[in-house]
Amino acid sequence: MDRSEMEQHIFDTLGKILVDKSIIQEKADPLMSELVLEPEDFDDFFAELQSYFGITLPTRIKTDLSHLPDSQDYSQLTLQGLVDVILIEMNNKKSR
């Protein structure tokens with residue numbers, strides 16, 4: 001799976017969850033903090049990504065992203081950055 005396919009799946013997953021899809025339609029690489037998601041929306045989002053990509057995202061990342069914009073570490077994470085996190089987790093899984 002290449003990067004563009006990963007990005008498309010992330011956008012498709014967000015499209016199923018977001019009420020206002022304009023942020024992912026208008027911006028090339030929106031910040032995760034710009035997405036208007038409730039904590040339970042993030043739970044659904046992460047569950048879908050983990051299932052689809054066959055990974056387990058670190059609990060700290062999931063918790064911090066679920067509490068944006070309060071998270072100092074991830075308040076500037078973009079969707080492209082999330083793709084990078086997923087790629088790292090997929091590579092880590094392969095090397096185990």
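The first residue of the sequence shown is numbered 1, and numbering continues consecutively from there.
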* Reported CG-to-CG distance for the pair Asn92 and Leu87, which is rounded to 0.5 angstrom ->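 Nearest 0.5 Å value for the CG-CG distance: 11.0 Å.
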If I compare all heavy atoms of [X] with all of [Y], which pair ends up nearest, and what's the gap?
X	Y	result
Asp29	Leu79	OD1-N, 3.3 Å
Met1	Glu5	CA-OE1, 3.2 Å
Met6	Val83	CE-O, 4.3 Å
Leu77	Leu82	CD1-N, 3.9 Å
Gln50	Leu57	OE1-N, 2.7 Å

* May I have the step-by-step check of side-chain contact (heavy atoms from CB on, under 4.5 Å) for Leu65 and Phe46, ending in yes or no? => CA-CA 10 Å; Leu65 288 177; Phe46 294 133; 3.7 Å; yes
* Reference residue Ile23; test side-chain contact (heavy atoms from CB on, under 4.5 Å); the match among Lys21, Glu26, Lys27 -> Lys27
* For Thr56, side chain to side chain donor-acceptor pair (under 3.5 Å) partners two or more places apart ->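 Partners of Thr56 under the side chain to side chain donor-acceptor pair (under 3.5 Å) test: none.
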* Do the ring planes of His9 and Tyr52 sit parallel (below 30°), tilted (30 to 60°) or perpendicular (above 60°)? ->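 Rings of His9 and Tyr52: parallel, under 30°.
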* To do: Check the pair Asp84 / Arg3 against salt bridge (charged side-chain N to carboxylate O under 4.0 Å, His left out), numbers first and verdict last.
  => CA-CA 9 Å; Asp84 292 337; Arg3 187 177 186 88; 2.8 Å; yes
* Is there a donor-acceptor contact under 3.5 Å from the side chain of Ser66 to the main chain of Lys62? -> yes
* **Flag, side chain of Asp41 to backbone of Glu38, donor-acceptor distance under 3.5 Å** =>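 Yes: the side chain of Asp41 pairs with the backbone of Glu38.
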* To do: Walk me through it: do Gln8 and Asp12 pass the test side chain to side chain donor-acceptor pair (under 3.5 Å)?
  => CA-CA 6 Å; Gln8 188 60 52; Asp12 291 347; 2.7 Å; yes
